[in-house]
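What follows is a single structure, written as structure tokens, with notes after it.
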Amino acid sequence: MFHAKLQSMENVEIAERLSEVADLLEIQEANPFRVRAYRNAVRTIEGLTRSLAEMVEEGEDLTELSGIGEDISGYITEMVETGEFQLLRDLHDEVPPTVADLLDLEGIGPKKAKKLWEELDIETVDDLEDALDGGRVVELEGFGQKTAEKLRQAIEDFREHRERFRLGDADRWVEPLLEYMGEAPGVEELDVAGSYRRRKETVGDIDLLVACDDAGPVMEHFTSYDLVERVIEAGETRGSVVLRPGLQVDLRILPGESYGAALQYFTGSLEHNVKLRKRALDDGLRVSEYGVFEIPEGVDPDEMEPGEGERVAGETEEGVYEALGLVWMPPELREDRGEIEAAGEDELPDLVELSDIRGDLQMHSTWSDGKNTIETMARACQERGYEYMAITDHSRRVSVAGGLDEDELEEQWKEIDGFEGDLDIEILRSLEVDILKDGSLDLDDEHLEKLDLVLVSVHSYMDLDGAEQTERIVTAVSHPAVHVLAHPTGRRINERQPYDLDVEAVLEAAREHDVAVELNANPERLDLSDRHVFRARELGVPVVISTDAHSTDNLRYMEYGVAQARRGWLEPDDVLNTRSLSELKKWLDRE
DNA sequence: GCCGTTTTCGGCCCGACTGTTTTCAGTCG
């Protein structure tokens, strides 16, 4: 059984406080490596699938987590046990906490924030706006008219658009942009790098790379794109614009001989690159976006000019990794989650691909809230080359979506019987059965037994406290008829937080009861997250990648689900719907 | 502040652009 936990403090709160320490220390001009140490710890915590509070309660040694040493381990324990964080309190006595908010403005770093605060008594974004209106900012040393104008824009952006773009939304702007940039004069290579290439669930901006000999006309072409709202900067090799929906695009133009190194560098992640470069330095190599260079004997790498030293790689990404003694790795893995070590041992996972997917196991029809009939959905699935599919309309309780009761479900089966013979795809009788408040299911046992596939999920009482919500879902997963837990955390990216839920306990329960967890491929959900998918794989819990399509068009979401699965290191065998129909049926029958 | 089969001390990734600095600091990615 799982333990109801006394979670005095969530990981996210601990991470936020440590992050605030980093900001405040930076404003105080503390040792930059000390600042980075706090940020590294924050990153580690954000990636955890387990609760720190629980780890503290169970007496685990937090210093075994990377980036967390004696000091920060002590601070975490202090926060968990007392709810207090004395270091942060002390810092607040020295720097008002709101001064750190200024760092969120584009163009304001720690030095400028400090100066604004110390010399003009500016503590908040509102203060800064007043000071700009009063003409006081331009009089500061290091600030001028241009800076003042940029700060006004930064304040506007800060208030208007603070969120990252969901990958699916970014795609709508990136695809036409790529088409347009492909028409620029002399373009030899063109790619999007950055988190977009890593297929991260959200992207902050778009990093565009171009290889060509003459940069000028390409930059000109870029800044004259129809959808550009404003140009932030346009240098010889680097430019930045904001597109009308508020999406920033950075363009980098390079010669072909450096293109692979640039693609590697700008794909990131930052953490991946830091580790890679450190590893290179140990081997006497220096990596930059221009290539991999040998550091000459007796030369201090810090004294080297950009591009100095003998170039040993740079034209291709494969070559860059090879020069560092590594095999090329898929962008989705480049998060410094062990991929560099795995590449060094040639033990990278053989990641699942879209072409491995043999069926889609969650979709809706006009029987509940879908836009298309079952037959239309089935034909669309068949066109995608699937062997099987599941029709998973809502159950009765989800009345706003027109959920089905037992009688309607039987009617639905008759409809499927009517045309199934004309199609070359297996239609699994299924239902997205609502999990009721107490963890029981919204369909009687007789009908649950008759279903080929039982999907369960939460659509109500999303704000239960963690212990109750966890127990509810664990109860549902424990029902012997259940096969798949759908959209397990209920989050909607940029819109709704996940339920307060002990995901680890749910995954453990899924393993115990031979239940698979869904990776909902809808780009607004992508639920589970890459971290939790990774954890499911570690625990040996099968993952189902499903689109939750409400129309034939939504079936294309499978691509996003597969990308997220790859970010979670899934191989084809980890994914239930890569199996053949007969293998899938065996699993469903628990043979 | 963290970390270590080259180190328990001395490192910690690297380069472009902008503005106001007359030689480079600050910010960003």
Side-chain angles (χ1 to χ4, degrees), chain A residues 18 21-22 25-26 29-44 62-75 87 102-116 138-151 154 193-195 203-209 215 219 231-240 248-254 258 261-262 264-293 295 300-308 324 336:
Chain A
L18 290 171
V21 167
L25 285 173
E26 202 171 23
E29 297 180 79
N31 176 347
F33 299 109
R34 186 179 170 212
V35 174
R36 185 190 292 175
Y38 281 97
R39 298 209 199 283
N40 287 342
V42 167
R43 191 179 151 264
T44 293
L62 302 181
T63 65
E64 286 183 10
L65 299 169
S66 86
I68 295 182
E70 289 297 325
D71 287 18
I72 294 181
S73 165
Y75 296 143
L87 171 65
L102 299 175
L103 300 177
D104 289 338
L105 297 172
E106 174 112 23
I108 300 264
K111 302 279 170 58
K112 284 188 172 161
K114 182 170 194 256
K115 191 152 200 150
L116 289 166
V138 287
E139 290 168 12
L140 274 183
E141 192 191 344
F143 291 75
Q145 201 59 47
K146 287 260 179 92
T147 306
E149 281 164 28
K150 291 207 164 187
L151 287 179
S195 48
V203 299
D205 55 28
I206 298 299
D207 298 297
L208 212 54
L209 293 187
M219 188 61 74
V231 177
I232 298 174
E233 64 182 35
E236 282 181 30
T237 67
R238 209 182 80 178
S240 270
Q248 182 170 329
V249 182
D250 300 333
L251 169 67
R252 195 65 191 260
I253 304 172
L254 299 110
S258 297
Q264 190 289 316
Y265 177 64
F266 288 107
T267 296
S269 66
L270 177 67
E271 294 81 7
H272 175 90
N273 286 352
V274 167
K275 183 166 276 187
L276 214 61
R277 288 180 178 204
K278 187 173 160 52
R279 188 186 165 103
L281 283 174
D282 293 342
D283 294 341
L285 297 168
R286 179 184 177 89
V287 183
S288 77
E289 60 260 52
Y290 295 112
V292 181
F293 300 90
I295 301 169
D300 177 357
D302 288 340
E303 301 292 318
M304 285 170 66
E305 292 295 318
E308 193 184 330
L324 303 175
D336 186 23

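Because the structure is predicted, anything quoted here is derived from the model rather than measured.
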Go ahead and name the base partner of dC14(B); Watson-Crick or wobble counts if both distances stay under 3.5 Å, otherwise write none. dG29(B)

Under 4.0 Å between a Lys/Arg side-chain N and an Asp/Glu carboxylate O for Glu26(A) and Arg39(A)? yes

Could you check how far [atom1] of [X] sits from [atom2] of [N], rounded to whole Å?
| X | N | atom1 | atom2 | result |
| --- | --- | --- | --- | --- |
| Gln248(A) | dC17(B) | CD | P | 15 Å |
| Ile253(A) | dG15(B) | CD1 | C1' | 16 Å |
| Lys150(A) | dT18(B) | NZ | P | 7 Å |
| Asn31(A) | dG11(B) | CG | P | 13 Å |

Determine if the base of dT7(B) is syn or anti; take syn to mean the glycosidic torsion is within 90° of 0. syn

Expressed in whole Å, how much space separates the [atom1] atoms belonging to [N] and [M]?
| N | M | atom1 | result |
| --- | --- | --- | --- |
| dC9(B) | dG15(B) | P | 31 Å |
| dG11(B) | dT18(B) | P | 35 Å |
| dT22(B) | dG29(B) | P | 27 Å |
| dT7(B) | dC2(B) | C1' | 14 Å |

Shortest side-chain distance from [X], nucleotide among [options]:
| X | options | value |
| --- | --- | --- |
| Thr147(A) | dC13(B), dG1(B), dT20(B) | dT20(B) |
| Leu281(A) | dC2(B), dG29(B), dC14(B) | dC14(B) |
| Phe33(A) | dG15(B), dA16(B), dG1(B) | dG1(B) |
| Arg277(A) | dC14(B), dC17(B), dG1(B) | dC14(B) |

Presence of [X] side-chain N/O under 4.0 Å of [N] phosphate oxygens OP1/OP2:
| X | N | result |
| --- | --- | --- |
| Ser240(A) | dC28(B) | no |
| Tyr265(A) | dA16(B) | no |
| Arg252(A) | dC14(B) | no |

NA contact type, Val287(A), heavy-atom cut-off 4.0 Å: base, sugar-phosphate, or nothing? sugar-phosphate

Set out, line by line, the N/O atom pairs under 3.5 Å between protein and nucleotides 23-27 of chain B.
from: dT27(B); atom 1: OP1; to: Gly109(A); atom 2: N; distance (Å): 2.8
from: dT27(B); atom 1: OP1; to: Gly109(A); atom 2: O; distance (Å): 3.2
from: dT27(B); atom 1: OP1; to: Lys112(A); atom 2: N; distance (Å): 2.7
from: dT27(B); atom 1: OP2; to: Lys111(A); atom 2: N; distance (Å): 3.2
from: dT27(B); atom 1: O5'; to: Gly109(A); atom 2: N; distance (Å): 3.4

Polar atoms only, N or O, under 3.5 Å: list the protein pairs with nucleotides 3-8 of chain B and their distances.
from: dC3(B); atom 1: OP1; to: Gly67(A); atom 2: N; distance (Å): 2.6

Base of dG1(B), side chain of Asn40(A) - is there a donor-acceptor contact under 3.5 Å? no

